[in-house]
Amino acid sequence: LNIQFQQLVRISESASKRLNKKMRKIRMKLESDNLRVVEDPTPFVVIANAGVGNMVCSTELMDVLCQYGRCSLPVLCNKSYAIAEFQTEFEAKSMVENIQGYKMKKKVSNEYSTFYCFYLSEIPNNKLGVNETDGLPSGLVKIDNFLSSAEEIKLIECIQHDINTTTTNHVTERLKHRTVLHFGYKFRYGTNDVDINKPISYGLPSYVAELLDRIIRTGYLVGRPDQLTINIYEPGDGIPPHIDNPHSFDPVLSTVSLGSHVVMNFSKDDQCIDVSVGPCTLLLFTGDSRYLWKHGITQRKFDLLEGGAKIVNRDVRYSLTFRKVVKPEVDLPLPVNEDEASSLESSHVHAVYDKIADHFSSTREKPWPRVVEFLHGLEEGSMVLDVGCGSGRYLGVCPHHFILGCDQSSSLINICARKQFTSFVCNGLRLPVRSNSVDACICIAVVHHYANHQRRTNAVRELLRVIKPGGKILIYAWAIEQTCNNVKSKYLKEDLADDISKVEIEPSQPRLAVHVNRTNFKQQDLLVPWKSRNFKSNGDESTYYRYYHVFKEGELEDLCRSIAGCEVLHSYHDNGNWCVVISKS
Ligand SMILES: O=C(O)CCC(=O)C(=O)O
Ligand SMILES: [Fe+2]
């Protein structure tokens with residue numbers, strides 16, 4: 001063994017059996033990384049445990065290798081192995097014979113790395129770690145010296161002050177591998193987003209105002225950020241690879257670095273790029289670097305720079321990430337009294353149906369089989385009232401009965417009239433119909449539009465009023481549970497990833513959640529978007545929002561049972577709806 005290479009220590013003979021076993025394992029791992037390992041010597045050698053990712057500095061490895069011949073060491077990003085390219089097989093072989101199974105003390109950590117060598121049939125292309133065009137992931141803008149050292153020191157002082165004080169201006173969180181301060185909104189690490197309903201009242205701290213103005217003047221941002229996360233990393237801390245939630249924040253994120261330098265790792269599929277970020281640097285995440293590349297910081301006390309040639313110890317680092325939270329298109333409070341409930345129904349139920357009537361009607365042609373079955377089950381010649389008949393989906397399905405429709409929306413009733421159905425406009429809470437006068441009622445997809453519990457109950461009470469004693473009422477209301485007995489309702493997107501068993505129903509918030517169509521409901525009180533498709537006919541491409549209260553299992557029955565004289569005959573789940581058949585005694 002060459003004497004210059006003193007760090008190498010021969011492993012004990014007794015360990016050689018274990019070495020063979022270990023070699024087999026390592027070879028499999030290398031092969032699974034698409035390296036073509038061969039038995040006979042070639043000029044190309046992969047050395048396991050000698051990579052930048054294993055914190056072996058490429059200059060110290062080169063010191064060892066060049067004793068056996070002329071070789072180059074292509075830089076591999078974050079791999080735990082290095083690949084050496086010798087000029088001849090002979091040189092490669094001499095190197096392998098000398099260092100196989102030896103341990104080397106790493107300069108960086110004083111720990112040992114054991115080298116295992118294998119010949120390769122070729123040098124893999126696509127293995128270079130660094131994007132060769134400009135060294136940055138596409139879309140990432142890096143501006144060095146964005147602020148002066150004096151400004152940096154001042155900002156660090158302010159941050160230190162905030163870490164040590166508890167105020168209502170910000171939230172401090174001690175995470176396992178760093179400390180974070182949140183301003184504007186608390187960032188949620190599980191989902192990489194914020195709870196839009198819970199802003200932190202004081203917004204961003206005044207000490208970042210000037211810096212933020214300067215970032216805005218770069219011209220990259222879309223809107224003015226209203227959320228700031230300050231990360232404080234001690235040496236050894238890091239942040240796992242992630243993408244800041246694309247739906248929750250504007251397209252451009254900006255991060256200012258203070259204190260220590262760091263290496264930030266960007267990864268996408270099997271590519272990775274290490275970006276060295278010095279203090280006072282501004283990073284702007286735009287385009288692919290924002291949406292397609294994950295970014296993270298490995299937990300280390302030091303970084304290897306210049307392709308692994310230089311070791312730099314980390315110091316405390318502060319990063320300020322500015323984000324602009326995407327607000328829902330509509331922001332309405334949950335009504336707290338009768339007036340508010342009634343006016344929400346006017347603006348976000350009745351007015352919407354009036355606007356979308358034609359389009360709505362074209363999507364509601366086909367009657368639901370179990371509603372038809374109910375109607376067919378009634379005695380021939382029954383007098384039936386369809387409350388909230390819409391465009392008359394059920395008014396023509398049973399010629400043996402006299403079915404009368406009513407709805408709050410005059411546009412929908414006009415459509416019924418065009419179809420020659422008997423129908424009229426009225427409010428479902430005050431039906432212009434005599435008490436005890438009709439044989440049966442249906443009320444399909446209506447009760448969920450009343451904006452508080454009392455009004456929903458009153459709507460059912462009104463149905464009971466007009467029905468004859470012993471008459472039957474069928475009610476359908478949208479269910480929060482869109483999966484029943486493991487069968488998804490047709491409403492849900494077929495490829496929907498989230499499984500209802502995992503969906504947590506959040507308590508209703510003081511503001512109405514805007515629902516994402518064809519996904520599971522997360523809350524009971526919602527605004528459900530309706531995208532108008534009337535663009536061709538009248539230029540309307542607006543989105544309208546209908547208020548819904550989606551029912552939990554048992555809720556509709558409980559509501560009915562709370563009404564004196566109401567009897568629940570039957571209840572079931574039908575394709576995303578809770579359904580009851582009730583009667584009055
Ligand atoms: O520390 C950094 O530079 C990155 C912080 C980050 O990615 C985040 O907070 O989402
Ligand atoms: Fe991030």
Side-chain angles (χ1 to χ4, degrees), residues 136-137 139-144 146-147 152 155-156 159 162-163 170-195 200 204-205 208 211-212 215 220-221 225-268 272-301 303 312 314-326:
L136 294 179
L140 186 71
V141 179
K142 183 170 164 235
I143 305 177
D144 291 328
F146 189 71
L147 60 160
E152 180 193 18
L155 279 169
I156 293 177
I159 296 168
D162 269 350
I163 299 173
H170 71 274
V171 174
T172 306
E173 250 190 307
R174 305 227 177 246
L175 305 176
K176 207 164 158 205
H177 296 294
R178 63 192 191 280
T179 300
V180 288
L181 307 181
H182 302 293
F183 297 84
Y185 295 85
K186 182 170 178 284
F187 190 84
R188 298 190 284 199
Y189 286 99
T191 40
N192 288 323
D193 64 1
V194 296
D195 184 345
I200 305 168
L204 304 198
V208 300
L211 178 67
L212 186 54
I215 297 173
Y220 282 96
L221 302 201
D226 52 6
Q227 197 277 335
L228 165 65
T229 298
I230 302 181
N231 286 281
I232 300 111
Y233 303 86
E234 296 292 331
D237 280 350
I239 185 167
H242 66 279
I243 293 174
D244 294 57
N245 195 315
H247 306 292
S248 300
F249 305 108
D250 257 13
V252 180
L253 304 176
S254 46
T255 297
V256 172
S257 252
L258 311 173
S260 180
H261 92 282
V262 79
V263 168
M264 196 178 248
N265 318 113
F266 286 81
S267 53
K268 178 163 89 67
C272 56
I273 299 180
D274 285 351
V275 175
S276 172
V277 184
C280 301
T281 295
L282 168 69
L283 287 182
L284 293 151
F285 295 74
T286 81
D288 289 1
S289 72
R290 158 81 172 98
Y291 291 120
L292 301 181
W293 288 81
K294 287 185 177 169
H295 56 277
I297 295 169
T298 311
Q299 291 166 34
R300 282 178 183 159
K301 292 204 162 84
D303 287 301
V312 184
R314 287 186 190 168
D315 202 340
V316 181
R317 173 172 175 269
Y318 305 79
S319 74
L320 295 83
T321 299
F322 295 93
R323 310 177 178 100
K324 170 141 172 50
V325 173
V326 173

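Note that ligands are numbered from 1 as they come in the structure, with each ligand's atoms numbered from 1 the same way. Note that the structure is a prediction, hence the values are computed from the model and not measured.
- The protein non-hydrogen atom at the shortest distance from atom 2 (C) of ligand 1 is Ser319 OG, 3.2 Å.
- At the top of the distance list for atom 7 (O) of ligand 1, counting protein heavy atoms only, stands His295 NE2, 2.9 Å.
- Between Phe266 and Trp293, the ring-plane angle classifies as perpendicular under the 30° and 60° cut-offs.
- Figure legend: Arg290 and Tyr220 shown without cation-pi pairing, the cationic atom not lying both under 6.0 angstrom from the six-membered ring centre and within 45 degrees of its axis.
- In this structure, OD1 of Asp244 and NE2 of His295 enclose an angle of 90° at the Fe ion (ligand 2), rounded to 10°.
- Residue contact annotation: Phe187 has no non-hydrogen atom under 4.0 Å from ligand 1.
- The distance from ligand 1 to the heavy atoms of Tyr233 drops below 4.0 Å at these ligand atoms: 1 (O), 2 (C), 4 (C), 5 (C).
- The protein non-hydrogen atom at the shortest distance from atom 6 (C) of ligand 1 is Ile239 CD1, 3.7 Å.
- Taking the six-membered ring for Trp, His170 and His182 have ring centres at least 6.0 Å apart.
- For the residue pair Ser257/Ser319, the side-chain donor-acceptor check at 3.5 Å is not satisfied.
- In terms of modelled atom types and a separation under 3.5 Å, the side chain of Gln227 and the main chain of Val325 share no donor-acceptor contact.
- Of the N or O atoms in His242, one or more lie within a sub-3.5 Å distance of an N or O in ligand 1.
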Checklist line | Steps toward side chain to side chain contact (heavy atoms under 4.5 Å, CB included) verdict (His295, His242) | finding: CA-CA 6 Å; His295 56 277; His242 66 279; 3.0 Å; yes

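- Residue contact check: Thr255 has heavy atoms under 4.0 Å from atoms 3 (O) of ligand 1.
- With respect to the salt-bridge test (charged N to carboxylate O, under 4.0 angstrom), the residues Asp195 and Lys186 do not qualify.
- Distances between N or O atoms of Arg317 and those of ligand 1 include at least one value under 3.5 Å.
- Under the salt bridge (charged side-chain N to carboxylate O under 4.0 Å, His left out) test applied with Arg323, the options Asp193, Asp226, Asp244 reduce to a single match, Asp244.
- Heavy-atom contacts from other residues, nucleotides or ligands closer than 6.0 Å to NZ of Lys142 number more than 12.
- Nearest to atom 9 (O) of ligand 1 among the protein's heavy atoms is Asn231 ND2, 3.0 Å.
- Between Tyr189 and ligand 1, no N or O atom pair is found at a separation short of 3.5 Å.
- Short contacts between ligand 1 and Asp244, defined as distances under 4.0 Å to a heavy atom of the residue, involve ligand atoms 10 (O).
- Of all atoms in ligand 1, listed by their number and element, those nearer than 4.0 Å to a heavy atom of Met264 are 2 (C), 3 (O), 4 (C).
- For the pair Arg323 and ligand 1, a heavy-atom separation below 4.0 Å is found.
- If you check the side chains of Asn265 and Thr298, you find a donor sitting under 3.5 Å from an acceptor.
- Contacts with ligand 1 closer than 4.0 Å are made by no heavy atom of Leu283, backbone or side chain.
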